[in-house]
2 protein chains.
Amino acid sequence: MEKKITRKEAILLVATQLFSIQGYRTTSMGEIAKAAGVADGTIFYHFKTKEELFLAVLEHFKEEIISEFSIIEENDTYKSGLEKIEALLSFYIYLANRLEDRFLLLHRHFPYTLAEDNPACWNHLEEIYNTLIGVFEQAILQGQADGSIDELPARKMAMIIFTLVDGMVRLNTYNIYHTGPLYNELITSCHRMLKK
Amino acid sequence: MEKKITRKEAILLVATQLFSIQGYRTTSMGEIAKAAGVADGTIFYHFKTKEELFLAVLEHFKEEIISEFSIIEENDTYKSGLEKIEALLSFYIYLANRLEDRFLLLHRHFPYTLAEDNPACWNHLEEIYNTLIGVFEQAILQGQADGSIDELPARKMAMIIFTLVDGMVRLNTYNIYHTGPLYNELITSCHRMLKK
DNA sequence: AAAAACTAACTGAGTGGTCAGTCAGTTTTT
DNA sequence: AAAAACTGACTGACCACTCAGTTAGTTTTT
């Protein structure tokens, strides 16, 4: 028995793709309606405004991110903290590929502009970043406990590593450089940065 | 004797700021005209379309970047390649602060979307990135010659380092985290990455 | 069991507003 | 006087959002 997708879910799905790929301003509500196979008015029945629809998209992504990384966190069978960092880097790149459109959304400017005067938006973004940076921080702390990682400020180093891997994902989606061939250098660089 | 600014220059200046801060789609030609103290039609006298105005802004930024880094390249009195990397990291952050709006433009999505079907735009972006990455690459090669930097693939490591600084600048402008306190960790991380 | 009443989901034509680009005419420069 | 620079009212296209009404399904009444 297939669970049949509701119209509201269809709208949210299509909106995620179009907002991500084309951008918020560039995507019209009519376009979303058409792509979702729904009348223009139907969107406004489920989501009061365009902004509210966008926030629903962002909230859904937040929940997805948290869920993905909590699975990784539980399944914690790495030998050392340093090895866990390497595994997390791989997973981050894998996830950014699998959830390509949502990560693209995170690399657009609109969410951050909206966040300036929309506390709900700001909270979603903060939770997303806290999750993404948090996993690296935990691995660093673990590595410092087991002796595989040097005594460096854990949170700050986590931000450095996040910045690096996220920057690579971003550069890749912008199509200026293909960062795929940089994978080995990413791993060894982080290794050199952290090891005792 | 002040060199008096032409109307065309005034339009270009205002357009740079507004496109950077507000975004391309969100900024109307009327808004630019008003801010530049010029009639709506005047913009179209100097720039045929909005897209052409944007390209002029990007081209101007490209020339600015190239000029800034060629000065640094000439004034080359650092003891070792590794020390030059550190100096370049500082300069990058200093420049990203001084040319805040133009760097913001580089972190928006529109230029990359436009580049997909506009070769001129693509060339501007490529030259900008080649300049930014090139300076790090040269410093690495120099460091490998003088023995201060390990034998790693120079171009790839330059991209890694660029990604790291640029990602920090970007994270900072998005106001989620203030990356200023990460400056020391940035320097030491790059040092650990590269040193023999 | 049939009819009536009610309800949530949905529709699409219509509205007011915005915006890139035009153009006929005016002002400034050479 | 000719050319170049400039003006601002105007146009057609687009867009977020509204709303009066339709449809399908459920509950209540008879």
Side-chain angles (χ1 to χ4, degrees), chain A residues 1-58 105 108-111 113-114 117-118 120-121, chain B residues 1-59 105 108-111 113-114 116-118 120-121:
Chain A
M1 193 66 134
E2 292 296 308
K3 65 167 182 187
K4 71 174 176 188
I5 194 170
T6 65
R7 277 157 137 82
K8 191 176 176 180
E9 286 167 340
I11 291 165
L12 203 69
L13 219 72
V14 165
T16 304
Q17 289 180 345
L18 293 182
F19 283 155
S20 297
I21 296 163
Q22 304 184 344
Y24 180 79
R25 279 310 219 88
T26 325
T27 302
S28 74
M29 294 297 259
E31 212 176 345
I32 296 168
K34 203 175 171 185
V38 142
D40 288 17
T42 308
I43 299 187
F44 291 96
Y45 175 75
H46 291 292
F47 306 93
K48 271 200 279 287
T49 63
K50 192 181 183 184
E51 196 174 298
E52 194 179 300
L53 174 56
F54 179 84
L55 281 172
V57 166
L58 191 63
L105 197 76
R108 287 192 168 275
H109 218 93
F110 180 74
T113 312
L114 183 60
D117 44 34
N118 185 315
C121 183
Chain B
M1 190 66 131
E2 293 295 308
K3 67 168 181 186
K4 73 174 175 188
I5 195 169
T6 65
R7 278 156 136 82
K8 192 177 176 180
E9 286 168 338
I11 292 165
L12 203 68
L13 219 72
V14 165
T16 302
Q17 289 179 345
L18 293 182
F19 282 155
S20 298
I21 295 162
Q22 304 184 344
Y24 179 80
R25 276 309 220 89
T26 326
T27 302
S28 74
M29 293 297 261
E31 212 175 346
I32 296 168
K34 203 174 173 186
V38 141
D40 288 15
T42 308
I43 299 187
F44 292 96
Y45 176 75
H46 291 291
F47 305 93
K48 271 200 280 286
T49 63
K50 191 181 183 184
E51 197 174 298
E52 194 178 300
L53 173 57
F54 178 83
L55 282 172
V57 166
L58 191 63
E59 186 172 13
L105 196 75
R108 286 192 169 273
H109 218 93
F110 180 74
T113 312
L114 183 59
E116 279 171 24
D117 43 36
N118 185 313
C121 183

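In what follows, every heavy atom counts, from backbone to side chain, and hydrogens, waters and symmetry copies are set aside. These numbers were taken from a predicted model, which means no experiment stands behind them. Chain identifiers are assigned alphabetically (A, B, ...) following the order of the sequence lines, protein sequences preceding nucleic acid strands; residue numbering begins at 1 within each chain.
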Find out whether the Lys NZ or Arg CZ of A:Lys8 is both under 6.0 angstrom from the six-membered ring centre of A:Phe47 and within 45° of the ring's axis. yes
Interatomic distance where CD1 belongs to B:Ile11 and P belongs to D:dC6 [whole Å]: 7 Å
Any strand counts, and the cut-off is 3.5 Å on both contacts for Watson-Crick or G-U wobble. Which nucleotide pairs with C:dT30? D:dA1
Applying side-chain contact (heavy atoms from CB on, under 4.5 Å), run through B:Met29 and B:Phe44 and close with a yes or a no. CA-CA 9 Å; B:Met29 293 297 261; B:Phe44 292 96; 3.8 Å; yes
To the nearest angstrom, how far is B:Lys8 atom NZ from D:dA4 atom C1'? 13 Å
Whole-Å distance, B:Arg7 CZ to D:dA4 C1', equals 13 Å
Just the rounded figure in Å: distance from P of C:dC19 to CZ of B:Phe54. 18 Å
Proximity to the side chain of B:His46 - top-ranked nucleotide from C:dG12, D:dC6, C:dA9: D:dC6
I want to verify a distance call: between C:dC10, D:dC17, C:dG21, whose nearest atom is closest to the A:Phe44 side chain? D:dC17
Using a heavy-atom cut-off of under 4.0 Å over every strand shown, decide if A:Thr26 touches base, sugar-phosphate, or nothing. nothing
From NZ of A:Lys34 across to P of C:dC10 the rounded distance in Å is 20 Å
Please find the pair of heavy atoms, one from A:Cys121 and one from A:Pro111, that lie closest to each other, and give the distance. SG-O, 3.3 Å
To the nearest angstrom, how far is B:Phe47 atom CZ from C:dA20 atom C1'? 16 Å
To the nearest Å, how far apart are A:Asp40 CG and D:dA20 C1'? 16 Å
Within the structure shown, what part of the strands sits under 4.0 Å from A:Ser28 by heavy-atom distance: base, sugar-phosphate, or nothing? sugar-phosphate
Interatomic distance where CD belongs to B:Glu31 and C1' belongs to C:dA20 [whole Å]: 14 Å
Is the phosphate of C:dC10 approached by A:Tyr45 (side-chain N or O, under 4.0 Å from OP1 or OP2)? no
For a quick test of reading the model, state the closest non-hydrogen atom pair linking B:Glu31 to B:Thr26 and the distance between them. OE1-O, 3.8 Å
Of the listed C:dC10, D:dC17, C:dG12, the closest approach to the A:Lys50 side chain comes from D:dC17
Across every strand shown, the nucleotide meeting Watson-Crick or G-U wobble geometry with C:dC10 (both distances under 3.5 Å) is D:dG21
Nearest heavy-atom pair of A:Glu52 and A:His46: which atoms, and what distance? OE2-O, 4.4 Å
Selected nucleotide, minimal atom distance to B:Thr42 side chain, candidates C:dG21, D:dT7, C:dG12: D:dT7
